[in-house]
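Everything on this sheet refers to the single structure shown next.
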Amino acid sequence: MPYALVWLKRDLRLHDHAPLREAARRGPLVALYVVEPEVVRAPDFDAQHYRFIEASLDELRRRLARRGGRLIVRTGAMPAVLDRLMLESPFSSIWAHEETGNAITYARDRRVRAWARARGVPMHELPNNGVVRRLPSRDAWATHWGAWVRERPVVPPTRVVSLAPDAGGPADGEWPDAAAVGVVDRGPRVHAVQGGERAAHETLQSFLTVRGVDYRRAMSSPNTAFDACSRLSPHLAFGTISVRQAWQAARRADASWREDPGADPRWRGSLSSFVSRLAWRDHFIQKLEDEPRIEYENFSRAYDALRPAVPDAERLEAWITGRTGYPFVDACMRALRAEGWLNFRMRAMLVSFASYHLWLPWQATAVALAPHFLDYEPGIHYSQFQMQSGTTGINTARIYNPYKQGEEHDADGAFIRRWVPELAPLVDGAVHRPHEQPALLQQLSGVVLGRDYPLPIVDHDTAYRDAKARLFVVRESAAAREEARRVYVRHGSRSNPLGRGRR
């Protein structure tokens, strides 16, 4: 008996899942997840991603089973997996969500489409978010997104017909051991985030009812952001909840708080900020969808010679391990590596420091940092790296002062002391700039620079001045101005006519 294959990728949920719904309407189906060695061995993948996916699939398998459905797992390159499945238990069609991923998944999707065409197997790809494939112009994108996000989420089928192995269906398959398929484990996480649709909705509800009240103000400091931010980003990245579900839930919560005369007035601003960031999320992913080359190449080609193609290995290693001699930078990097998450402002500071102070090419630092983000989303990741590195040509270049950021967002040094414990004995003022302490005070405190903690890898004032001068030369060139016009036409936000300064 023929059946439809529902190919799962970054859409590990039951609700608001159009391919699953459409396949179920037409007859029997089997949901498929494929562990692809080329994907899980890539430098932007980590064991924390693998564990999150496994937990999400475990829950989805149970939810499908309660409706009569089946979820199978296979390991291998997609065309080869499809060939083996067709021999084992022929399927009649493929249903999947569109994916805006990295170059590996982009090429993979093209191979799967070619496979389907060559064998006459209908393949249906449906939007997974507000990103538009083959978008003709950015002019109407915001209107499209606004209409899409307001549509009713796709209701899951109450009953799914699937073929069991003894009825001609494919075998279930086993989830492979991470090490066996070459997944790199870059260390344990302090607080592992639970995958799955249930955890996604619980996280969202705790944000909309309790944690998010001070979101607008508290999102900037790492001392408050870990609790005050939605922490929904890993679930959005792997699709255990959709952007549309999150947006509509936030709008309902906003309406509820507005109707409550005793509600904290901060809710209004906080939820407004949250829903706007959901739109900006898809806005940035649309950039990679429209121009996949930006994973490797500058938005504006006028900046191609701005930084060296090969990074300084010592500087790159000091940055990625949190040993730069800049306490707040190092604390943020170490927190990210331990938690798998960091708030946006601190992410921007890390990238700015690498690109301007250390003058490292963003192509190298982007790949180095990607596996440490549990919520790694290629479209956001590469677009933001270029924004913070000054290579888009249309955004205001912002060079963060790491000392100022630390003193503003970690005034008493609590965050630094937690993540850079070798500096814990220092008093509040000294913990931000330990290199300014006289040698005698260093000896008395037991924190000697160059022995217990590195000296600053570069001088801030010199690095800032040099970076600004280098950037200015390129930005003022005729080539850069012409490229800026081209980039804005293709990628600029129409809600901001200048295409600049929006973060």
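Bear in mind that the values here come from a model prediction, so they are computed numbers and not experimental data.
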field: Whether Asn102 side chain and Thr105 backbone form a donor-acceptor pair below 3.5 Å
entry: yes

- prompt: Taking the inter-plane angle between the rings of His357 and Tyr326 on a 0 to 90° scale, is it parallel (under 30°), tilted (30 to 60°) or perpendicular (over 60°)?
  reply: perpendicular

query: Between Trp267 and Trp257, what is the ring plane arrangement, given parallel below 30°, perpendicular above 60°, and tilted in between?
result: parallel

field: Trp145/Trp247 under side chain to side chain contact (heavy atoms under 4.5 Å, CB included): CA gap, chis, key distance, verdict
entry: CA-CA 11 Å; Trp145 192 90; Trp247 187 90; 3.7 Å; yes

message: For Pro327, run the side-chain contact (heavy atoms from CB on, under 4.5 Å) check against Val420, Leu423, Leu426, Asp410 and tell me which one passes.
response: Leu423

- request: Taking the six-membered ring for Trp and the full ring for Phe, Tyr or His, determine whether the centres of Trp141 and His144 are under 6.0 Å apart.
  value: no

- request: Please work out whether the ring planes of Phe238 and Phe52 are parallel, tilted or perpendicular, with thresholds of 30° and 60°.
  value: tilted

field: Any donor-acceptor N/O pair, Arg307 side chain to Ser389 backbone, under 3.5 Å
entry: yes

Arg323/Glu422 salt bridge by N-O under 4.0 Å criterion: yes

task: Decide whether a cation-pi geometry holds between Arg211 and Tyr215; the criteria are a distance under 6.0 Å from NZ or CZ to the six-membered ring centre and an angle within 45° of the ring axis.
output: no

Electrostatic pair Arg281:Asp375 at N-O distance under 4.0 angstrom: no

message: Donor-acceptor pair, distance only, cut-off 3.5 Å: does the side chain of Glu482 make one with the backbone of Ser477?
response: no

- prompt: Under the 6.0 Å and 45° cation-pi test, does Arg486 pair with Phe299?
  reply: no

- prompt: Quick one: does NZ or CZ of Arg494 land under 6.0 Å from the six-membered ring centre of Tyr488, within 45 degrees of the ring axis?
  reply: yes

query: Does the separation of the ring centres of His201 and His235 fall below 6.0 angstrom?
result: no

query: Is it true that the NZ or CZ of Arg231 lies under 6.0 Å from the centre of Phe207's six-membered ring and within 45 degrees of the ring axis?
result: no

query: Between Glu99 and Tyr106, does a side chain to side chain contact (heavy atoms under 4.5 Å, CB included) hold up when you go through it step by step?
result: CA-CA 8 Å; Glu99 179 181 3; Tyr106 178 79; over 6 Å; no

message: Students often mix this up, so state it plainly: with edges at 30° and 60°, are the rings of His381 and Phe373 parallel, tilted or perpendicular?
response: perpendicular

